[in-house]
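Ligands are counted one by one from 1 in listed order, and the atoms in each one are counted from 1 as well.
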Amino acid sequence: MVEVVSKAPGKTIWFGEHFVVLGNPAIVSSINLYTRVYIRDISGKHFVITSKNLNITYDGKGDPGKLLPYVRIVEIFRDMGYYRPFYAEINSRIPVSSGMGSSASTAVAFAAGLAKYYGLELGLDKISKIAYEAEKIVHGKPSGIDNTIATYGGFLYYKKGLFRRIRVRWPPDYLLLIADTGIERSTRIAVEKVLDRYRKRTRIMRKIYEAAKELVEEALKALRKKDMSSLGELMNINHGLLVSIGVTIPEIESIVQNSLKYGALGAKITGAGLGGSVMILVENKKKDRIISRIKDYASRIYTVKPTRYGVTTSTQQS
Ligand code: PMV
């Protein structure tokens, strides 16, 4: 029997979400929350995909519902000439629709796992491209930032499908809190809302996009210098820009303002907004106090750190 386990990280967008959709740069990092996909042989002709988080199973027949993106990945492999029945189990610690890249990390882990199961050495670029096809089903026309970071990991500077690594040695005295509002929202709707405002208020919005671009360049310098106080300040400015393009909600503002009031260096929406998550840069020693002050506004608070690694796979033959 062939057994494959693959694992891909979630992400947090540090700077540039939304602006990236119209070609601005963004900075993103992987975080130490993962999706794991386990794949093994089964008898018969069909494949079975089960998601422990969504609590649904698709047995290769009928409507796959929310598992459609992964069925799409199976089809892509089939079009490339590869198919063999399998059983796949998806397990994720990343909450759904909360801005931490759960769908992309699942798509990447699934694509990499399936490649390994079929005995293929596809390379990371191909894995990311296959996952992007699944992301299109979930998000419409995503920028591609999510599948890229789930594939490569680390810190990336991302622009129009191209990216370069940013070397960052994370200082041990700092961490990130990711406060999930628990309000699920659609990235697609948030992106449409912003694009709509861009069409209506083009001259003002252009200036905001210009500022967002400048912000990313400054943030690169702060990250390289490990200047955490500047990084926090730039996160706050980025949040202000996200407010001005219309993707905040009162629940997010309560988390952001209370985090800052009780000592966070920076706090901002991460991802599409309108719900989802807030990322908060804190010193380790202030973590507990900040958590206690924001916990009433969040459904869950994750303590995370940026990680260096992207998708990994391992295989066992028995
Ligand atoms: O909230 P998420 O994880 O779906 O991130 C969305 C990021 C956007 O910039 C708003 C959209 C995109 O495709 O990049």
Side-chain angles (χ1 to χ4, degrees), residues 8-31 33-35 53 66 69 92-109 128-129 131-153 156-163 176 178-198 205 208-209 212-213 215-216 219 235 238-239 241-249 251-252 255 268-279 302 304:
K11 63 105 216 277
T12 190
I13 300 182
W14 285 77
F15 297 96
E17 53 272 269
H18 282 292
F19 306 107
V20 72
V21 173
L22 291 184
N24 262 27
I27 295 175
V28 61
S29 82
S30 51
I31 52 174
L33 291 178
Y34 299 93
T35 301
N53 303 73
K66 287 196 168 162
S92 187
R93 272 205 65 211
I94 309 164
V96 176
S97 299
S98 60
M100 287 182 247
S102 71
S103 63
S105 113
T106 306
V108 167
S128 183
K129 283 204 172 99
Y132 182 70
E133 293 304 311
E135 280 288 276
K136 283 204 263 187
I137 295 176
V138 187
H139 295 313
K141 203 174 166 296
S143 65
I145 195 168
D146 284 19
N147 48 288
T148 305
I149 191 67
T151 305
Y152 290 92
L156 301 180
Y157 174 95
Y158 180 93
K159 192 176 166 182
K160 284 191 186 152
L162 299 174
F163 67 90
L176 288 176
I178 308 235
D180 183 359
T181 59
I183 300 166
E184 285 190 23
R185 81 288 177 274
S186 142
T187 296
R188 189 193 287 250
I189 290 172
V191 168
E192 272 164 19
K193 186 176 174 196
V194 172
L195 293 179
D196 202 43
R197 183 167 285 184
Y198 193 94
M205 291 288 271
I208 300 173
Y209 276 62
K213 198 159 135 193
L215 196 59
V216 169
M235 284 167 65
N238 194 147
H239 181 70
L241 299 184
L242 290 168
V243 171
S244 67
I245 64 172
V247 292
T248 195
I249 53 169
E251 290 82 349
I252 288 177
I255 296 173
K268 65 177 276 291
I269 288 170
T270 180
L274 294 182
S277 300
V278 174
M279 68 182 284
Y302 298 82
V304 304

**Q** How about Y152 and F163: are their ring centroids closer than 6.0 Å?
**A** yes
**Q** Could you work out, with side chain to side chain donor-acceptor pair (under 3.5 Å) as the rule, every residue matching S92, not counting sequence neighbours?
**A** T35
**Q** Between the protein and ligand 1, which nitrogen or oxygen pairs come in under 3.5 Å, and how far apart is each?
**A**
| residue | atom | partner | partner atom | Å |
| --- | --- | --- | --- | --- |
| ligand 1 | 1 (O) | R185 | NH2 | 2.5 |
| ligand 1 | 1 (O) | A272 | N | 2.9 |
| ligand 1 | 3 (O) | K11 | NZ | 2.5 |
| ligand 1 | 3 (O) | D146 | OD2 | 3.3 |
| ligand 1 | 4 (O) | T187 | OG1 | 2.5 |
| ligand 1 | 9 (O) | H18 | N | 2.9 |
| ligand 1 | 13 (O) | S143 | N | 2.7 |
| ligand 1 | 13 (O) | S143 | OG | 3.4 |
| ligand 1 | 14 (O) | S143 | OG | 2.5 |

**Q** Under the rule for salt bridge (charged side-chain N to carboxylate O under 4.0 Å, His left out), what residues qualify as partners of E133, not counting sequence neighbours?
**A** K136
**Q** Just checking, is any N or O donor in the side chain of S103 or E135 under 3.5 Å from an acceptor N or O on the other one?
**A** yes
**Q** Of all residues at least two apart in sequence or in a different chain, which pass the ring-ring contact (aromatic ring centres under 6.0 Å, His included) check with Y158?
**A** none
**Q** Looking at side-chain heavy atoms only, is the closest gap between L22 and L195 below 4.5 Å?
**A** yes
